[in-house]
2 protein chains.
Amino acid sequence: MFLSKSFGYALRGVLYIALVDKEGRKVQLDEIAEKLSVPRHFLAKIMKMMVKEGILSSTKGPYGGFYLNEVTLKTKLIQLVKITDGVEQFNICVLSLRKCNSKNPCPLHFQMLKLRDGMLAEFSAKKLGDLLDEKNPDFIKTISTIA
Amino acid sequence: MFLSKSFGYALRGVLYIALVDKEGRKVQLDEIAEKLSVPRHFLAKIMKMMVKEGILSSTKGPYGGFYLNEVTLKTKLIQLVKITDGVEQFNICVLSLRKCNSKNPCPLHFQMLKLRDGMLAEFSAKKLGDLLDEKNPDFIKTISTIA
DNA sequence: CCCATAAAAGACATTGATATCTTTTTAATA
DNA sequence: TATTAAAAAGATATCAATGTCTTTTATGGG
């Protein structure tokens, strides 16, 4: 409804790495996909996007895998949304009217604007690191249990 | 992002009828589709859904068409969302976690809940009739201009 | 009762998001 | 430098949302 599945996979992927990355070990795609019950190859694409955008790192080859870098946990959620969903669509009018704006508003313009601004504010304030609940021993289960 | 295109078409369709329905005349699909620049047959499906759900009326045959009934303008927006998008998806976790709820929340649960509740509140309060801006002579242009 | 009109119904097509599979590139280390 | 592990890249497949076309049904008027 609000965001794509890709966004969810991306977020869960990063959080999973963060949780097992304590010792700095790299985490492999297979492990992430399996633990989170996410389609392996699809997840690969999404992880790749994050690496390309620099909010996550990876190395190929033996002992390779994905790992956090300096910016990972400081990354704002909105940044992740940009990568997976793009922010343009935040400005799309619910009624698909291209000329809809605050000067020439559609009947739902201000209501949707309020919602969007609320979401943008939330997602601009929160960082990935803020979502880690390290005091909760079952946190990893929380982001893994899909069914 | 927030709602389907179908919702937008449905809303614009009803509003269009409301605007030209002053004299109680019925409005035909072709006119609505043309004026709103919406794919005719797709709009047909959506109008049909509204008729089936009783928030709009229609008659077939010569001089037939769509027209408002007693409930149309009293219909809450949320009702329209139910018809076009279904409300179930309002409760779907952004991270696609089925067991996500307030007792066992995903890392974004409460943020999304807040947004959802805000949207539900807005859409439960507003009626279709509330969206008619009869003082604005260009209102019909507003809901028609897509490009 | 027949004709014309317009919605209803349902079959079919397209597209974009989601998902899978295969090949290529990179990197570690023996 | 050969081997092998793992990500990167890209081709292909599936599915649901969106969009189009065709046939059927209902209705008003001649």
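Here the structure is a predicted model, which means the values were calculated and not measured. Naming: A, B, ... by sequence-line order, numbering from 1 per chain.
A sub-4.0 Å separation between OP1 or OP2 of D/dA6 and a side-chain N or O of A/K26 is absent. Taking only side-chain nitrogens and oxygens, B/T59 never comes nearer than 4.0 Å to OP1 or OP2 of D/dG28. At least one side-chain nitrogen or oxygen of A/Y9 sits closer than 4.0 Å to the OP1 or OP2 atom of C/dA19. In this model, the phosphate group of C/dA17 is not approached by any side-chain N or O of A/S6 to a distance below 4.0 Å at OP1 or OP2.
Minimum heavy-atom separation, B/L97 to A/I143: CD2-O, 3.8 Å.
Ranked by how close their nearest DNA chain D nucleotide is to the 5' end, B/K45 and A/H41 are led by A/H41. Residue B/K60 is the one, among B/K60 and B/Y63, whose nearest nucleotide of DNA chain D lies closer to the 5' end (criterion: closest heavy atom). Of the two residues near DNA chain C, A/L3 and B/A44, the one whose nearest nucleotide lies more 5' is B/A44.
In this structure, CG of B/D30 is placed 14 Å from C1' of D/dC21, rounded to the nearest angstrom. Across the protein-nucleic acid pair, A/L43 atom CG and C/dA17 atom C1' stand 16 Å apart, rounded to whole Å. In this structure, CZ of B/R25 is placed 14 Å from C1' of C/dA6, rounded to the nearest angstrom. In this structure, B/I92 places its CD1 atom 13 Å from P of D/dA16, rounding to the nearest Å. The interatomic distance linking A/R40 (CZ) with C/dT22 (P) rounds to 12 Å, in whole Å. Here C/dA8 presents its P atom at 9 Å from CG of B/L56, a figure rounded to the nearest Å. Distance A/I46 CD1 to D/dA9 P: 15 Å, rounded to the nearest Å. Between B/L29 atom CG and C/dA9 atom C1' the separation is 14 Å, expressed in whole Å.
You'll find that the side chain of A/V51 is closest to D/dA8, out of D/dG19, C/dA27, D/dA8. Looking at the side chain of B/F42, the nearest of the listed nucleotides C/dA8, D/dG19, C/dA19 is D/dG19. Closest to the B/K52 side chain, of the nucleotides D/dT18, C/dT5, C/dA9, is C/dA9. Of the listed nucleotides (D/dA7, D/dT27, C/dA11), D/dA7 has the atom at the smallest distance from the side chain of A/F66.
Only one option out of B/M47, B/E34, B/H41 pairs with B/L29 in a side-chain contact (heavy atoms from CB on, under 4.5 Å); it is B/M47.
With contacts defined as side-chain heavy-atom distances shorter than 4.5 Å, the pair B/Y9/B/L36 does not qualify.
Enclosure of atom OH in A/Y63 is not indicated, since only 12 or fewer non-hydrogen atoms of other residues, nucleotides or ligands lie within 6.0 angstrom.
The residue A/K48 sits close to a base: some heavy atom pair falls under 4.0 Å.
Under a 3.5 Å cut-off, the side chain of B/D138 and the backbone N or O of B/K141 do not form any donor-acceptor pair.
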